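Before any comments, here is the structure.
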Amino acid sequence: MKVLFMCTANSCRSILSEAMFNHLAPQGFQAVSSGSFPKGQVLPRSLSTLQAAGISTEGLYSKGNDAFEGSPPDLVITVCDKAAGEACPVYFGPAVKAHWGLEDPSDVNGDEASVQAAFDATLETIATRCRAFFALPFSQLTPVQLKAELERIAGLQAVRHTG
């Protein structure tokens with residue numbers, strides 16, 4: 001199954017989602033990401049956050065819809081934050097579509113620790129959602145049931161572990 005994570009700039013949330021999904025993915029699953037208006041570069045903090053979590057950043061780059069040209073996705077997940085008034089990109093192909101909104105950690109203002117905490121929390125939420133996704137009984141789900149499960153997963157947040 002090929003999954004496309006889409007946002008606007010393809011420099012942070014969709015990149016984090018692509019990398020985490022591929023890091024956790026069993027055989028037969030692959031993610032790619034794109035942006036409706038790609039920034040042309042991945043935010044350095046996106047890459048350093050992934051590296052600190054032990055996730056490969058090889059091959060990650062900010063890209064547009066050419067990322068999946070000739071190989072259409074089975075599933076499209078937008079990760080923009082509708083609650084913040086962002087315009088989410090639209091995919092017009094036949095794929096199952098879902099929205100896993102994420103606040104943009106690059107919009108966080110504050111000291112170094114606060115900004116990094118926002119990136120770490122976003123990555124953990126993505127990991128939580130990906131694990132729930134991979135636990136689905138895909139062979140038993142119709143496209144309508146899959147969409148319902150994806151909407152359920154969209155509500156999952158990272159579980160905060162306190163020392």
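Computed from a predicted model, the values in this text were never measured in an experiment.
Taking all atoms of both residues into account, the shortest heavy-atom contact from T57 to L47 is CG2-O, 3.7 Å. Across T78 and H99, no two heavy atoms sit closer than the pair OG1-ND1, 2.7 Å. For K147 against K97, the heavy-atom pair with the smallest separation is NZ-O, 2.5 Å. Of all the heavy atoms in V42 and S11, the pair that sits closest is CG1-O, 3.6 Å. Heavy atoms only, all atoms of each residue included: N22 and A31 are closest at OD1-N, 2.7 Å. Smallest separation of non-hydrogen atoms from P105 and R13: CD-CG, 4.0 Å.
For the pair L16 and V79, the minimum side-chain heavy-atom distance is 4.5 Å or more. The shortest side-chain heavy-atom distance between E18 and L4 does not fall under the 4.5 Å cut-off. Side-chain contact between V3 and Q30 is absent, with no heavy-atom pair separated by less than 4.5 Å. Side-chain atoms of V76 and V96, non-hydrogen and from C-beta on, never get closer than 4.5 Å to each other. Put simply, the side chain of R45 reaches to within 4.5 Å of the side chain of V115, judged on heavy atoms. Side-chain contact between R152 and L136: present, with at least one pair of heavy atoms (C-beta onward) separated by less than 4.5 Å. The shortest distance between side-chain heavy atoms of V108 and F119 does not fall below 4.5 Å.
The pair E124-R129 does not count as a salt bridge, with every side-chain nitrogen at least 4.0 angstrom from each carboxylate oxygen.
No chain of hydrophobic side-chain contacts below 4.5 Å, direct or via other Ile, Leu, Val, Met, Phe, Trp or Tyr residues, connects V32 to F29. Linking Ile, Leu, Val, Met, Phe, Trp and Tyr whenever their side-chain heavy atoms come within less than 4.5 Å puts I77 and F138 in one cluster.
Contacts of F21 classified as ring pair (Phe, Tyr, Trp, His ring centres under 6.0 Å), with partners at least two apart in sequence or in another chain: F5, F133, F134.
One finds the CG atom of L146 at 12.5 Å from the CD atom of Q140 (value rounded to the nearest 0.5 Å). In this structure, S62 OG and N10 CG are separated by 4.5 Å, a value rounded to the nearest 0.5 Å. Note: D104 CG to C7 SG = 8.0 Å, rounded to the nearest 0.5 Å. Taking OG1 of T125 as the reference point, atom CD of Q157 lies at 4.5 Å (rounded to 0.5 Å). C12 contributes atom SG, which lies 9.0 Å from atom CG of L102 (distance to the nearest 0.5 angstrom). Between the CG atom in L75 and the CE atom in M1 there is a gap of 6.0 Å [rounded to 0.5 Å].
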Task: Step-by-step side-chain contact (heavy atoms from CB on, under 4.5 Å) determination, S56 to H23 - done: CA-CA 7 Å; S56 173; H23 179 72; over 6 Å; no
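Under the 3.5 Å distance criterion, the side-chain polar atoms of Q145 are matched with a main-chain donor or acceptor of T142. With hydrogens and angles disregarded, no donor-acceptor distance shorter than 3.5 Å links the side chain of W100 to the backbone of S17. Remark: the backbone N or O of S36 is not paired with any side-chain donor or acceptor of T8 at under 3.5 angstrom.
Between K63 and the options S33, S34, S14, a side-chain hydrogen bond (donor to acceptor under 3.5 Å, both in side chains) holds for only S33.
In this model, no donor atom of one side chain and acceptor atom of the other lie less than 3.5 Å apart for E103 and T122.
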